[in-house]
Amino acid sequence: MSMNRPDETTLHAWVDGELAPGRAAEVAQWLSEHPGEAARVAALQAQCASLRALHAQVLDEPVPRRLRQALRRPPLQWHWPHALAAGVMLSLGLGLGYGLGSRAPGAWPQAPQEQLPVFVREAAAAHAVYVPEQRHPVEVAAQQQAHLVQWLSKRLGVQLKVPVLEAQGFHLVGGRLLPGEAGQARAQFMYQDPAGERVTLYVSVLSREDGAAAAPPVAFHWTGDESAQGFYWIDGRQGYAVSAALPRERLYALAEAIYRQLD
């Protein structure tokens, strides 16, 4: 029996990753049964991811010395400018950066300050909708991999390859066809490890309007939050996005393994 429609507070808590696991799974199931609402919630998630990406560089900057000193002062000795500045820094760190890892700045190229590519926002939304799904996480299971690759390759108009991630501890669950902007076909492949952690690889074929004509050299860009972190890159006319709720170091290793096999 389907649950009643979650209220807006619950939906926003689901977007922010603040629900208990059981309740989050119920909301994810309800969204999978209501595509219209799922699209609206996915747009909210993409908007949040874009806002976090805009401030990604701030998260890796060291706290200024004067603010560290201010934080060590007894409360009665604080001056209001120091208190205000420290509060802003703490809000940015807690609200935007929790779970982003502690790598030194420059270890990975950061997502551009401007708006994320469309396919990256689509990948984040698809990951959020289908990863919690227990009964139907994919359309075609890994047991039919040959059919899956042939079908998705035909729909996207390019020959696709399915990376093997057994050495990294992940096995293929399967894949699905997804709609992109303006009716373009996209592909999503899902992997899972023995602990139940899931990773998705989102593949898109970019048009000139998407920026394919001026695509930059292949480079990983980081984007995401604690609930759906990811790396993406553009190679020619194809865009790839790898998403998972994993530490950046482990997710980077997966993205690198995928890139090596697709190159």
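All of these numbers come straight from a predicted model, not from anything done at the bench.
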Trainee: Answer whether the closest heavy-atom distance between the side chains of N4 and W30 falls below 4.5 Å.
Mentor: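 The answer is no, as the side chains (C-beta and beyond) never meet within the 4.5 Å cut-off.
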Trainee: So, do Y191 and T200 sit near enough that their side-chain heavy atoms are less than 4.5 Å apart?
Mentor: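 In short, these two side chains do not touch, never coming nearer than 4.5 Å.
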Trainee: Answer yes or no: is there a side-chain heavy-atom contact under 4.5 Å between H147 and V140?
Mentor: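 In contact.
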Trainee: For the residue pair A187 and L152, what are the closest heavy atoms and their distance?
Mentor: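 Of all heavy-atom pairs spanning A187 and L152, the closest is CB-CD1, 3.9 Å.
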Trainee: Pairs under 3.5 angstrom only: tabulate donor-acceptor contacts from the side chains of residues 155-173 to other protein residues two or more places apart or in another chain.
Mentor:
residue	atom	partner	partner atom	Å
K161	NZ	Q261	O	2.6
H171	ND1	Q192	O	2.9

Trainee: Mind listing the closest non-hydrogen atom pair of V138 and G174 along with its distance?
Mentor: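 Where V138 meets G174 most closely, the heavy atoms are CG1-C, 3.5 Å.
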Trainee: Between A244 and V199, what is the shortest heavy-atom contact and its length?
Mentor: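 It is CB-CG2, 3.6 Å.
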Trainee: Is the shortest side-chain heavy-atom distance between R176 and Y130 below 4.5 Å?
Mentor: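 Of all side-chain heavy-atom pairs linking Y130 with R176, at least one is under 4.5 Å.
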Trainee: Treating S153 as the side-chain partner and V149 as the backbone partner, does any N or O pair qualify as donor plus acceptor under 3.5 Å?
Mentor: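 Such a contact is found between S153 side chain and V149 backbone.
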Trainee: Side chains of Q29 and E133: does their closest heavy-atom pair fall under 4.5 Å?
Mentor: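 In contact.
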Trainee: Specify whether W233 and Y259 have parallel, tilted or perpendicular ring planes, treating 30° as the upper limit for parallel and 60° as the lower limit for perpendicular.
Mentor: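 Correct class here is perpendicular.
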Trainee: If you measure from OH on Y240 to CG on L201, what distance do you get to the nearest 0.5 Å?
Mentor: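 Rounded to the nearest 0.5 Å, the OH-CG separation comes out at 8.0 Å.
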Trainee: Hey, what do you get for OH (Y232) to OG (S243), rounding to the nearest 0.5 Å?
Mentor: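 Nearest 0.5 Å value for the OH-OG distance: 12.0 Å.
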Trainee: Other residues, nucleotides and ligands only: do more than 12 of their heavy atoms fall within 6.0 Å of CD on E256?
Mentor: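 Yes - once you tally the heavy atoms of other residues, nucleotides and ligands closer than 6.0 Å, there are more than 12.
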Trainee: About how many Å separate NE2 of H12 and CG of D7, when rounded to the nearest 0.5 Å?
Mentor: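 Result: 10.0 Å between the selected atoms.
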Trainee: Identify the two heavy atoms, one from P137 and one from R198, that lie closest to each other, and give their separation to 0.1 Å.
Mentor: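 Of all heavy-atom pairs spanning P137 and R198, the closest is CB-NH1, 3.7 Å.
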Trainee: Taking the side chain as C-beta and beyond, is there a heavy-atom pair between L254 and L246 under 4.5 Å?
Mentor: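 Yes, close enough: below the 4.5 Å cut-off.
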Trainee: Does a side-chain heavy-atom distance below 4.5 Å link L11 with V27?
Mentor: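 Side chain of L11 against side chain of V27, heavy atoms only: contact under 4.5 Å found.
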Trainee: Nearest 0.5 angstrom please: F119 CZ to Q238 CD, how far?
Mentor: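 Result: 10.5 Å between the selected atoms.
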Trainee: Below 4.5 Å, heavy atoms only, C-beta onward: do L148 and E139 meet side chain to side chain?
Mentor: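 No, too far: nothing below the 4.5 Å cut-off.
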Trainee: For the residue pair R186 and P179, what are the closest heavy atoms and their distance?
Mentor: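 That would be CG-C, 4.2 Å.
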Trainee: Ignoring hydrogens and geometry beyond distance, is a side-chain donor-acceptor pair present between E122 and Y202 at under 3.5 Å?
Mentor: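 Distance-only check passes for E122 and Y202.
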